[in-house]
Structures are given as C-alpha cells and as structure tokens.
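All chains are named by letter (A, B, ...) in the order of the sequence lines, taking the proteins before the strands, and each is independently numbered beginning at 1. Everything quoted here is computed from the prediction, not taken from an experiment.
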Amino acid sequence: MDQNHMKKQINSARNSLFQQGYLDEQFIQLEDLQDDANPNFVEEIVTLFYSDSTRLIRNIETALDNYPLDFCKLDDYMHQFKGSSSSIGAKKVKDECSQFQECCKARNTEGCIGIFRQVKHEHATLKRKLETYFQVSPSNSLENRHTLQRNTQLCAAD
Amino acid sequence: MGVAADSQFHVLAVDDSIIDRKLIERLLKTSSFQVTTVDSGSKALEFLGLHEEDEDMNSNQPSVSPNIHQEVEVNLIITDYCMPGMTGYDLLKKVKNSSSLKDIPVVIMSSENVPSRINRCLEEGADEFFLKPVRLSDVNKLKPHMMRMKIKETDHQEQNQESKTRDKEEEIESQQQSNGNKRKSMEEGDITRQNKTQIQWWPYCRFD
C-alpha cells in the first residue's frame with residue numbers, strides 16, 4: 001500500500017506541474033525519448049539546461065547593468081534562453097522570455113528589468129520542482145512512464 | 001537483435017545550442033541514424049571537407065580536399081537557422097553551391113515561424129523546414145530524402161558502369177572493324193607492313 005501511495009503522490013506532483021503550466025507537452029516528448037538504453041535522458045537534458053541557462057542569466061544581468069541598454073544584445077540572449085526553455089518544455093519560463101523580448105522591441109528599460117526578475121523567479125521555481133520530481137520519481141522504466149503518461153492525459157488541463 | 005540496415009544513414013546536425021544538440025542527437029539516434037553534431041556552420045563545412053575560404057589563394061592553410069572525408073559519408077544535414085557567424089541559410093547556400101555536396105539533402109530548423117524565411121530556404125534548396133522544438137514526427141520525415149539520395153547515387157554508379165561497358169564494347173567493335181579493314185585490304189592485295197604479321201596465320205583462316 002505504501003508503494004501505491006507513493007506512486008499516487010508522485011503522479012499527482014507530476015500532474016500539477018502540467019496543470020499549473022510549469023511544463024508543457026514538450027516535456028512529454030522528452031520522456032518519450034527515454035528508453036532502457038537512455039533511462040536518464042530527461043534529467044540529463046534538464047541538468048544541461050540549468051547549467052547553460054545560468055551562463056545566459058549572468059550575461060543578461062551584466063547587460064542590464066550597462067546603460068543605455070543594448071536591446072539588440074539582450075534580445076539575442078533572450079532568444080537563446082527562450083529556445084532552450086522551449087526545448088525542455090519549460091512553459092512559464094518560456095512565456096516570461098517572450099514578454100522580455102516584447103520589452104526589448106519596445107525599448108522599455110523598466111519593463112526589461114522587471115520582467116527579468118520574473119524570468120529568474122520562474123526559472124528557480126521550476127528548478128526546485130524538477131529536482132524534487134527527479135529525486136522521488138520511480139525508475140524510468142517504460143511501464144512506469146506509460147502509467148504516468150496515462151494519468152497525465154486523464155488529468156490534462158486544457 | 002534488430003535490423004542494422006537503417007543505421008547506415010549518417011546525419012550531420014548543426015546547432016549552436018548545447019541543449020538543442022542533445023535533443024536532436026537523441027531524436028536522430030532513436031530513429032536509428034548515425035549522428036555527428038557540431039556547433040557551427042564553419043565546423044560543419046570542415047567536417048564535410050570544405051573550407052569557407054576555398055577560393056582564397058592567399059590562405060596559409062592548405063585547402064581540404066573533399067576526398068579526405070569521403071569515407072565519412074553524410075546523408076543529410078540538419079541545421080539551425082539562427083546561429084552566430086554563419087547562419088543555417090548561409091550553410092545551405094554553401095552546400096548547394098558545392099559540386100561535391102549539392103546533392104546532400106538539407107533541413108532547416110527554426111524557433112521562429114517566419115513565412116518569408118521558410119520560403120527563402122526552400123527556394124535555396126532546403127528539403128524541409130522544421131519549427132522548433134523538433135519532434136520525432138518531424139524526424140520521421142527525413143528518411144525518404146536520404147533514400148532518394150542513395151537511389152540517385154546508385155543510378156549514377158550504374159550509369160558510370162554502363163558507360164564504361166559501352167566504351168569497352170565500342171573499343172572492341174572498332175578493333176574488329178579495323179581487323180575487318182585489314183582483311184579487306186589483304187584480299188585486295190594491298191599488303192601493308194601492319195598486317196604482314198597477320199599474313200602468317202591468314203592462310204589458316206577461312207572466310208566465306
């Protein structure tokens with residue numbers, strides 16, 4: 001019963017990540033690429049995202065310290081950031097990146113600074129949630145993943 | 001265990017994003033393709049055996065002959081559009097303008113859905129344009145392009161073979177003709193130095 005209870009909790013944690021918009025369908029695409037030969041692909045690519053995006057965040061912070069703002073450069077960094085976020089299914093992070101790019105287009109300095117705080121917030125929140133998820137999630141066997149996916153489909157938000 | 005036939009297709013993937021390189025590599029390997037990933041257009045050209053400054057006579061670097069990479073056959077190039085330095089579009093143009101590489105199918109990937117960009121790439125010879133993030137359903141579209149190239153290559157090889165055979169046949173035919181001419185001149189009593197050696201065995205041949 002313990003194991004079932006555990007499974008239910010994990011399922012529910014995973015479902016909420018989708019329902020609350022932290023993750024989108026791209027994350028499921030990543031899970032589909034996991035198999036017995038590559039059982040940790042999702043965790044690997046997410047880890048890679050976090051190490052690479054840390055670098056981008058530093059670059060953006062530096063650029064935001066230089067006035068007047070170089071909106072072209074900022075837009076370029078954010079394009080990269082948005083691309084990576086999109087590739088791992090990080091929906092909220094990606095959405096904030098889009099907002100930032102809008103501010104760049106409008107040459108809105110205050111807007112850029114404000115939105116970037118939100119980008120970092122979403123970035124950090126997702127990291128915490130995914131770390132927890134990877135720690136407690138069961139072995140990435142095909143059977144378990146199919147169970148998780150079926151449950152997600154049943155509870156999928158619109 | 002498993003069919004090895006498909007694993008012979010080799011895809012060169014070009015993307016400056018390390019996350020996207022990892023993703024495209026996994027997508028391609030899942031589809032049983034061999035994969036090489038590089039992070040820039042210039043590295044892609046290097047791998048394919050072309051230098052950017054191919055026409056640069058003053059270059060100190062020896063130009064790389066396309067033949068050097070012949071054993072590393074590339075069946076398809078899939079490249080990101082937006083890259084610093086050489087864009088995917090620039091890479092596409094260089095490949096299509098190269099006599100040794102122009103038949104390799106090229107696929108462009110982009111995170112931005114810009115119709116004019118898509119059209120430009122297709123007009124320049126790109127075989128597909130994928131919106132990022134790329135999915136397995138996109139990668140499933142690649143094999144027909146690679147098969148078409150293989151069939152084309154096989155056709156060329158067969159044509160070369162046929163033409164060699166034809167040349168050989170023509171050679172034999174012309175030799176027989178020239179022998180025939182010599183016979184004729186023999187019969188007419190026109191003995192030249194060339195066919196003197198043939199005269200020795202001539203009486204032993206019968207012609208009707």
Side-chain angles (χ1 to χ4, degrees), chain A residues 23-57 59 72-73 75-91 93-95 97-98 101-102 105 123 126 130 140 142 145 149, chain B residues 1-4 6-7 11 13-35 37-41 78-89 107-114 117 129-142:
Chain A
L23 296 175
D24 62 26
E25 220 222 60
Q26 177 60 17
F27 193 82
I28 300 176
Q29 294 280 327
L30 298 182
E31 288 177 323
D32 280 346
L33 291 171
Q34 272 184 167
D35 55 23
D36 293 332
N38 300 272
N40 302 310
F41 174 70
V42 184
E43 197 174 342
E44 284 167 11
I45 200 170
V46 166
T47 306
L48 199 57
F49 167 74
Y50 275 101
S51 66
D52 192 56
S53 55
T54 304
R55 173 187 63 89
L56 279 170
I57 285 175
N59 288 345
C72 261
K73 199 187 236 177
D75 186 63
D76 194 44
Y77 285 141
M78 198 43 82
H79 172 84
Q80 293 175 52
F81 200 143
K82 185 181 166 188
S84 314
S85 307
S86 166
S87 292
I88 67 155
K91 188 173 188 306
V93 179
K94 183 182 74 165
D95 290 344
C97 290
S98 294
Q101 284 187 299
E102 290 302 311
K105 273 196 204 108
H123 181 258
L126 179 63
L130 284 176
N140 290 300
L142 226 45
R145 276 195 295 117
Q149 280 167 11
Chain B
M1 186 165 142
V3 181
D6 284 351
S7 64
V11 179
V14 192
D15 203 312
D16 61 317
S17 158
I18 191 170
I19 286 100
D20 287 346
R21 279 201 303 281
K22 186 168 176 75
L23 177 57
I24 195 72
E25 185 186 47
R26 189 83 285 276
L27 284 165
L28 292 167
K29 283 189 171 165
T30 294
S31 309
S32 304
F33 300 133
Q34 281 182 314
V35 190
T37 59
V38 293
D39 64 6
S40 71
I78 182 164
T79 177
D80 187 25
Y81 183 92
C82 267
M83 294 187 294
M86 192 188 297
T87 66
Y89 179 71
V107 170
I108 309 281
M109 305 179 281
S110 176
S111 53
E112 288 161 329
N113 189 352
V114 181
R117 175 184 294 183
F129 191 102
F130 293 159
L131 280 179
K132 283 179 160 186
V134 176
R135 301 175 161 201
L136 214 46
S137 54
D138 295 315
V139 172
N140 289 341
K141 296 177 190 168
L142 298 180

Just verifying a value: how many Å separate A/Phe41 CZ and B/Glu25 CD, rounded to the nearest 0.5 Å?
9.0 Å

Rounded distance (nearest 0.5 Å) linking atom CZ of B/Arg135 with atom CD of A/Glu25:
4.5 Å

pair B/Pro133-A/Gln29: side-chain heavy atoms closer than 4.5 Å
no

I need the A/Lys82 NZ to B/Ser111 OG distance, nearest 0.5 Å.
7.0 Å

At their closest point, which heavy atom of B/Ile19 faces which heavy atom of A/Ser87, and how far apart are they?
CG2-CB, 4.0 Å

What one should report as the nearest heavy-atom pair of A/Leu48 and B/Lys22 is CD2-CD, 3.5 Å

Could you grab the distance from atom CG of A/Asp35 to atom NZ of B/Lys29, nearest 0.5 Å is fine?
12.0 Å

Please state whether the side chain, the backbone, both or neither of A/Asp76 comes within less than 4.5 Å of a heavy atom of chain B.
neither

How many angstroms lie between CD1 in A/Ile45 and CD1 in B/Ile18, if you round to the nearest 0.5 Å?
10.0 Å

How many angstroms lie between atom CD1 of A/Ile88 and atom CG of B/Leu23, to the nearest 0.5 angstrom?
10.5 Å

